[in-house]
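Because the structure is predicted, anything quoted here is derived from the model rather than measured.
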Amino acid sequence: MSSLPARKPIDSKGSSEPTYHPPSTGLVSYLPSSFVPYAELMRLDRPAGIYLFFVPHLLGTLYAAALSPNDIGVQSLLQTLLILYAGTIFMRGAACSWNDNLDQEYDRQVYRCKTRPIARGAVSTVNGHIFTAFLTAFAAGFLMLLPRTVIPYAIPSIFLLWLYPFTKRFTDYPQIILGLQMSLGVFVGIVATEVDPKEQPLPKQISMLALYGALVTWTVIYDTIYACQDSKDDAKAGVKSMAVRFLPWIRPMLWGCAAVNVSLLVACGIEAGFSEGYYLFMGCGGVALSLATMIGTVNLDDPASCLWWFKNTYWQVATPLSLGLLAEYAA
């Protein structure tokens, strides 16, 4: 993954500008130079975001498998996950392209974002919108490989992706909007396995909603930490976020979100009738430990620390929860 832009020495007027360096490692470094700005626009050089987009779909699929272990075979499960993963690569890319196009004037005022392709002029506004449409079409193609019943759950997700860049202009809580959008992937994953939430008994519907809520709070946690990298520049540029809104009380707010997250995961297991394995280290216990480590350790005043925890949260939190659901599937 690419590092933060290198800082130039501060001049006599106290200003500094980031220096753009093309990716020198990873897949993007092998692409023709004319392709690189578009690969950067869809964040192919920063795969952590792809994994974060994919995790709700993964957990939804594993949750459905845990509910119906005799009806969902391993091969079918893997095939569904492969389609979902491929689709999230393009959908996440479309979201990043759309976001960067609308935020280009803000990005030129935020140090870390000044070297993004549209902000630095490597991709035009029009080409950025065309690229967004291209990526969205590819994502829709993968969606069509899934049962048609996923569409009612995918449409609200696409709408919230469209809305998200605007929320940074009129609300202090864009992380909640992002969480509501990202976490809808859990329902896409559930329905992709042909488990219809509407046909489930009330306790399991409550369980699904609890899992959805837990993923919303997790998104709020990691995206607020991510936003702390730019909180000072965002405040000057007029960009709204929970990192700006709760600046003196960010860590207590994160602890509160973590408590809600774990409580909802426990409620999810109780309502679904899951066994002890889901609650122990492989499930809720592992998530609680990972969140406590992240919130207690991250230096919210250090952009490098915030970025490191953001890039690693997907495996630290998703792994124990995935293992807990797999334990239910295998039981």
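- Through direct or relayed side-chain contacts under 4.5 Å between Ile, Leu, Val, Met, Phe, Trp and Tyr, W249 connects to no other residue.
- Linking ILVMFWY residues whenever their side-chain heavy atoms come closer than 4.5 Å, directly or via other members, places F159 and L135 in the same cluster.
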Test log, rule side-chain hydrogen bond (donor to acceptor under 3.5 Å, both in side chains), inputs Q175 and T219: CA-CA 7 Å; Q175 280 71 32; T219 305; over 6 Å; no

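- Around atom CZ of F170, more than 12 heavy atoms belonging to other residues, nucleotides or ligands sit under 6.0 Å away.
- When each of L264, V287, V55 is checked for a side chain to side chain contact (heavy atoms under 4.5 Å, CB included) with W218, only V55 meets the rule.
- Residues satisfying the side chain to side chain donor-acceptor pair (under 3.5 Å) criterion with E276, sequence neighbours excluded, are absent altogether.
- When all heavy atoms are compared, the tightest approach of L44 to R92 is N-NH1, 4.4 Å.
- Counting heavy atoms from C-beta outward, W308 and I225 have side chains that stay 4.5 Å or more apart.
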Worked check of side-chain contact (heavy atoms from CB on, under 4.5 Å) between I50 and F53: CA-CA 5 Å; I50 297 174; F53 255 73; 5.7 Å; no

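- Linking ILVMFWY side-chain heavy atoms closer than 4.5 Å, directly or via other members, places I221 and V260 in two distinct hydrophobic clusters.
- Here the side chains of M91 and F142 are not in contact, with every heavy-atom distance at 4.5 Å or above.
- With sequence neighbours left out, Q104 forms a side chain to side chain donor-acceptor pair (under 3.5 Å) with N101, R108, T125.
- Note on residues 236-245: pairs passing salt bridge (charged side-chain N to carboxylate O under 4.0 Å, His left out), not counting sequence neighbours, are D172-R245.
- The backbone N or O of E105 lies less than 3.5 Å from a partner atom in the side chain of Q109, making a donor-acceptor pair.
- Shown here is F166, whose CZ atom has more than 12 heavy atoms of other residues, nucleotides or ligands within 6.0 Å.
- With hydrogens and angles ignored, the 3.5 Å screen pairs a side-chain donor or acceptor of S97 with a backbone N or O of G128.
- For Y212, the ring pair (Phe, Tyr, Trp, His ring centres under 6.0 Å) partners at least two apart in sequence or on another chain are F187.
- Ring pair Y85/F54 is perpendicular by interplanar angle, where above 60° counts as perpendicular and below 30° as parallel.
- For the residue pair R43 and R116, the shortest heavy atom distance occurs at NH2-CZ, 3.3 Å.
- No side-chain heavy atom of Y63 sits less than 4.5 Å from a side-chain heavy atom of V186.
- Formation of a donor-acceptor pair under 3.5 Å by the Q200 side chain with backbone atoms of Q205 is not found in this model.
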Which donor-acceptor pairs under 3.5 Å do side chains of residues 176-183 form with protein atoms, sequence neighbours excluded?
unit_1	atom_1	unit_2	atom_2	d
Q181	NE2	S157	OG	2.7
S183	OG	G179	O	2.8
S183	OG	L215	O	3.3
S183	OG	V216	N	3.1

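- Residue pairs meeting the salt bridge (charged side-chain N to carboxylate O under 4.0 Å, His left out) criterion with at least one member in residues 209-218, sequence neighbours excluded, do not occur.
- For the atom pair CD1 of I250 and CG of L300, the computed distance is 5.5 Å after rounding to the nearest 0.5 Å.
- The cluster map of Ile, Leu, Val, Met, Phe, Trp and Tyr, joined by side-chain heavy atoms under 4.5 Å apart, puts W162 and I130 in different clusters.
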Derivation and outcome, side-chain contact (heavy atoms from CB on, under 4.5 Å), residues D103 and R169: CA-CA 10 Å; D103 281 358; R169 294 153 169 80; 3.1 Å; yes

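- Listed by first then second residue, pairs satisfying side-chain hydrogen bond (donor to acceptor under 3.5 Å, both in side chains) with a partner in residues 292-305 number zero, not counting sequence neighbours.
- Residues M242 and T171 have side chains not in contact (no heavy-atom distance under 4.5 Å, counting atoms from C-beta outward).
- V239 and I118 are assigned to two separate hydrophobic clusters, defined by single-linkage of ILVMFWY side chains at heavy-atom distances under 4.5 Å.
- Within 6.0 Å of CD on E194 lie no more than 12 heavy atoms contributed by other residues, nucleotides or ligands.
- With a 4.5 Å cut-off on side-chain heavy atoms, F310 and L52 count as touching.
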side-chain contact (heavy atoms from CB on, under 4.5 Å) between I190 and Y153, worked out: CA-CA 10 Å; I190 290 171; Y153 298 93; over 6 Å; no

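- Put simply, the side chain of L146 reaches to within 4.5 Å of the side chain of L84, judged on heavy atoms.
- Contact between M42 and I89 at its shortest, heavy atoms only, is CE-O, 4.0 Å.
- Atom CZ of R251 sits about 9.0 Å away from atom SG of C228, to the nearest 0.5 Å.
- Summarising the geometry, atom CG belonging to N127 is positioned 10.5 Å from atom OG1 belonging to T132; distances are rounded to the nearest 0.5 Å.
- If you chain together hydrophobic residues whose side chains sit under 4.5 Å apart, L41 and Y20 fall into the same group.
- Shortest non-hydrogen contact noted between D230 and C113 is OD2-SG, 4.4 Å.
- Across all non-hydrogen atoms, the minimal contact from T19 to T115 is C-CG2, 4.3 Å.
- Using modelled atom types, no side-chain atom of N261 and backbone atom of T217 make a donor-acceptor pair closer than 3.5 Å.
- In this structure the side chain of W98 reaches within 4.5 angstrom of the side chain of P165, judged on heavy atoms.
- Between the CG atom in L321 and the CG atom in L326 there is a gap of 10.0 Å [rounded to 0.5 Å].
- The distance from atom CD1 of I83 to atom CE of M144, rounded to the nearest 0.5 Å, is 11.5 Å.
- Between atom OG of residue S322 and atom CG of residue L59 there is a gap of 4.5 Å, rounded to the nearest 0.5 Å.
- Take F134 and apply the ring pair (Phe, Tyr, Trp, His ring centres under 6.0 Å) test, not counting sequence neighbours, and it matches F138.
- Between C268 and S207, the closest heavy-atom pair is O-OG, 2.7 Å.
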Full working for side-chain contact (heavy atoms from CB on, under 4.5 Å) between E328 and S275: CA-CA 7 Å; E328 289 298 315; S275 63; 2.4 Å; yes

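- With sequence neighbours left out, the side chain to side chain donor-acceptor pair (under 3.5 Å) criterion links T193 to no other residue.
- Q79 has its side chain out of reach of L145: every pair of non-hydrogen atoms, C-beta onward, lies at least 4.5 Å apart.
- Evaluation of the ring pair (Phe, Tyr, Trp, His ring centres under 6.0 Å) rule for Y278 yields F274 as partners, not counting sequence neighbours.
- Side chain of D107 to backbone of K114: no donor-acceptor contact under 3.5 angstrom is found.
- The side chain to side chain donor-acceptor pair (under 3.5 Å) test applied to Y226 returns R112, not counting sequence neighbours.
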